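Every heavy atom of this structure was used, including side-chain atoms; hydrogens, water molecules and symmetry mates were not. None of these values were measured; they are calculated from a predicted model. A note on names: the letters A, B, ... follow the listed sequences, proteins ahead of strands, and every chain is numbered from 1.
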Protein chains: 2
Amino acid sequence: MKRYIFVRQLIRDRGVRLTAQRELVLRRALAHLHFTAEQLVEDVRRVDPSVARASVYRALALLHELGVVEKHDFHYGAPNYEVTEGKAHHDHLMCTQCGEIIEFQEPRVERLQAEIVKRYGYQLLSHTHKLYGLCPACQRTQKPHSAKPPALHVTEMVS
Amino acid sequence: MKRYIFVRQLIRDRGVRLTAQRELVLRRALAHLHFTAEQLVEDVRRVDPSVARASVYRALALLHELGVVEKHDFHYGAPNYEVTEGKAHHDHLMCTQCGEIIEFQEPRVERLQAEIVKRYGYQLLSHTHKLYGLCPACQRTQKPHSAKPPALHVTEMVS
DNA sequence: GAACTGTTTGAGACTGAGTCTCAATGTACG
DNA sequence: CGTACATTGAGACTCAGTCTCAAACAGTTC
Ligand SMILES: [Zn+2]
Ligand SMILES: [Zn+2]
Ligand SMILES: [Zn+2]
Ligand SMILES: [Zn+2]
């Protein structure tokens with residue numbers, strides 16, 4: 001709820017209108033951990049079917065510009081989005097079979113990244129760091145993995 | 001040339017035919033460092049316009065299955081492919097403005113990755129680690145970056 | 001609250017990257 | 001050669017995402 005209020009303010013501060021559609025997209029995005037754009041479209045339209053697909057994409061792009069949402073390309077299936085606003089920085093570990101995603105933090109890696117870019121005189125802007133593997137359960141039951149995104153888990157209901 | 005011979009053998013060993021189209025795609029792929037699928041299509045068709053787009057994609061997929069080619073999603077522009085066969089493992093640093101890609105190695109990061117997955121009982125299969133930033137030159141000339149892939153550099157002519 | 005103005009929207013056409021279909025061609029092998 | 005299967009070229013198709021544009025909306029000025 002705190003994040004919700006905060007992001008609404010961010011939207012206003014950016015000078016664009018805080019419309020019902022943008023609020024709805026924000027609320028539904030906050031209700032998930034990792035989601036694809038199309039999952040979000042469906043989810044939003046389940047609440048209000050009159051919202052256009054393009055509006056969801058536009059709102060998502062706005063949230064991305066505001067630094068509220070990040071885009072992750074886990075290689076297996078469509079890109080995922082995540083509301084990272086207010087969350088500590090983390091990287092991801094994904095099971096290529098069942099699609100489970102684990103968020104982890106490793107400050108030692110982050111320090112090495114800074115050191116690496118210094119070698120080349122670069123100014124570091126962002127990074128992606130994703131580990132792919134088999135979770136303990138899938139290590140036993142070996143099957144060819146599906147390219148489908150894992151089912152959406154609703155993790156939180158925001159008002 | 002060594003790689004060329006080796007991969008040809010890989011293709012034969014896989015039990016599929018080593019056709020002229022597959023050889024051509026392989027030769028053109030080996031001539032580049034990082035390239036998009038559509039760049040490769042164009043490049044192949046410049047040599048032999050009768051080769052179908054689908055054939056290039058099919059050959060690329062085959063090379064990928066054989067572990068010869070890797071797919072990189074640098075976030076800026078279309079995914080890139082790279083012939084990694086015979087190259088030491090490396091990760092990438094990209095300038096988000098001019099598109100320059102630097103390959104780097106950092107064994108300390110790789111060690112930490114192994115350590116991280118152990119925490120969660122995962123079996124590590126692969127990873128992506130990409131750093132994005134501004135190269136020294138672009139740090140001076142600040143412009144909004146284009147989403148286009150950087151121009152193709154022919155780095156080597158394979159027979 | 002009517003008129004004016006710029007913003008946002010819904011609907012659906014469009015795009016680009018990649019895949020699929022299928023008839024035609026190529027290759028292997030008896 | 002003839003049969004059997006692999007591969008191909010051409011183009012239709014898919015899917016995620018973007019664009020267009022007229023209509024609806026939200027402020028702002030009177
Ligand atoms: Zn990180
Ligand atoms: Zn996350
Ligand atoms: Zn690495
Ligand atoms: Zn590389």
Side-chain angles (χ1 to χ4, degrees), chain A residues 8 11-26 28-29 34-66 69-81 146-149 152, chain B residues 8 11-26 28-29 34-66 69-81 146-149 152:
Chain A
R8 279 174 32 146
I11 294 174
R12 289 199 203 90
D13 293 351
R14 140 86 38 141
V16 301
R17 288 181 196 147
L18 182 57
T19 62
Q21 290 88 336
R22 303 219 248 236
E23 281 196 277
L24 176 55
V25 170
L26 172 59
R28 296 318 303 152
H34 294 266
F35 53 92
T36 67
E38 292 294 322
Q39 281 172 335
L40 184 59
V41 169
E42 270 181 55
D43 187 28
V44 163
R45 300 186 60 127
R46 196 150 31 232
V47 178
D48 178 354
S50 78
V51 176
R53 202 160 71 98
S55 296
V56 177
Y57 273 91
R58 284 186 287 234
L60 194 52
L62 174 61
L63 293 175
H64 184 73
E65 278 168 36
L66 292 172
V69 164
E70 276 177 35
K71 183 178 185 175
H72 296 301
D73 202 317
F74 300 104
H75 231 263
Y76 303 86
N80 267 250
Y81 294 83
S146 100
K148 269 157 211 134
L152 243 195
Chain B
R8 279 174 34 145
I11 294 174
R12 288 199 203 91
D13 292 351
R14 140 87 38 141
V16 301
R17 288 183 197 145
L18 182 58
T19 62
Q21 289 90 336
R22 301 219 248 237
E23 282 196 275
L24 176 55
V25 170
L26 171 58
R28 296 318 303 151
H34 293 266
F35 53 91
T36 67
E38 291 294 324
Q39 280 171 337
L40 184 60
V41 169
E42 269 181 57
D43 187 27
V44 163
R45 300 185 60 128
R46 196 150 30 235
V47 178
D48 178 355
S50 78
V51 176
R53 203 160 71 99
S55 296
V56 177
Y57 273 90
R58 284 186 287 234
L60 194 51
L62 173 61
L63 293 175
H64 184 72
E65 277 168 36
L66 292 172
V69 164
E70 275 177 36
K71 183 178 184 175
H72 296 300
D73 202 317
F74 301 103
H75 234 261
Y76 303 86
N80 267 250
Y81 295 82
S146 99
K148 269 157 213 134
L152 243 196

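Relative ring orientation between B:His34 and B:His72 is described as tilted, the plane-to-plane angle lying within the 30° to 60° band.
The two residues A:Gln39 and A:Thr36 come nearest to each other via the heavy atoms OE1-N, 2.9 Å. Listed here is the closest heavy atom pair of B:Leu40 and B:Ala29: CD1-N, 3.8 Å.
Rounded to a whole Å, the CZ atom of A:Arg14 is 15 Å from the C1' atom of C:dT8. If you take NZ of A:Lys71 and C1' of D:dT18, they are 12 Å apart, rounded to a whole angstrom. Rounded to an integer number of Å, the gap from CZ of B:Arg17 to C1' of D:dT8 is 11 Å. When rounded to the nearest whole Å, the span between CD of B:Glu65 and P of C:dT19 equals 11 Å. A straight line from CG of B:Leu60 to P of D:dT8 spans 13 Å, rounded to a whole angstrom. In this structure, CZ of B:Arg53 is placed 11 Å from C1' of D:dA10, rounded to the nearest angstrom. In this structure, A:Glu23 atom CD and C:dT8 atom P are separated by 14 Å, rounded to whole Å. Atom CG in B:Leu18 sits roughly 14 Å away from atom C1' in D:dA6 (whole-Å rounding).
Not one side-chain nitrogen or oxygen of B:Tyr57 sits closer than 4.0 Å to the OP1 or OP2 atom of C:dT19. The phosphate of C:dG10 (OP1 or OP2) has a side-chain N or O of A:Gln21 nearer than 4.0 angstrom. Dashed line: the shortest gap from a side-chain N or O of A:Thr19 to OP1 or OP2 of C:dT9 is under 4.0 Å. Proximity of B:Ser55 to the phosphate of D:dG9: a side-chain N or O atom is located under 4.0 Å from OP1 or OP2.
In this structure, of D:dG17, C:dT8, D:dT8, it is D:dG17 that holds the atom nearest to the side chain of A:Tyr81. With distances taken from any side-chain atom of A:Arg22 to the nucleotides D:dT8, D:dG9, C:dT9, the minimum falls on C:dT9. The side chain of A:Glu38 lies closest to D:dA16 when the candidates are D:dA16, D:dA10, C:dA11. When each of D:dT8, C:dT19, D:dT20 is scored by its nearest atom to the side-chain atoms of A:Arg58, the top-ranked nucleotide is D:dT20.
Counting any heavy atom pair closer than 4.0 Å across all strands shown, A:Ala37 reaches sugar-phosphate atoms only and no base atom.
Atom NZ of B:Lys71 is separated from atom CG of A:Asp73 by 8.0 Å, given to the nearest 0.5 angstrom. Here the straight-line distance linking atom CZ of B:Arg22 with atom CZ of B:Arg17 works out to 9.0 Å at 0.5 Å rounding.
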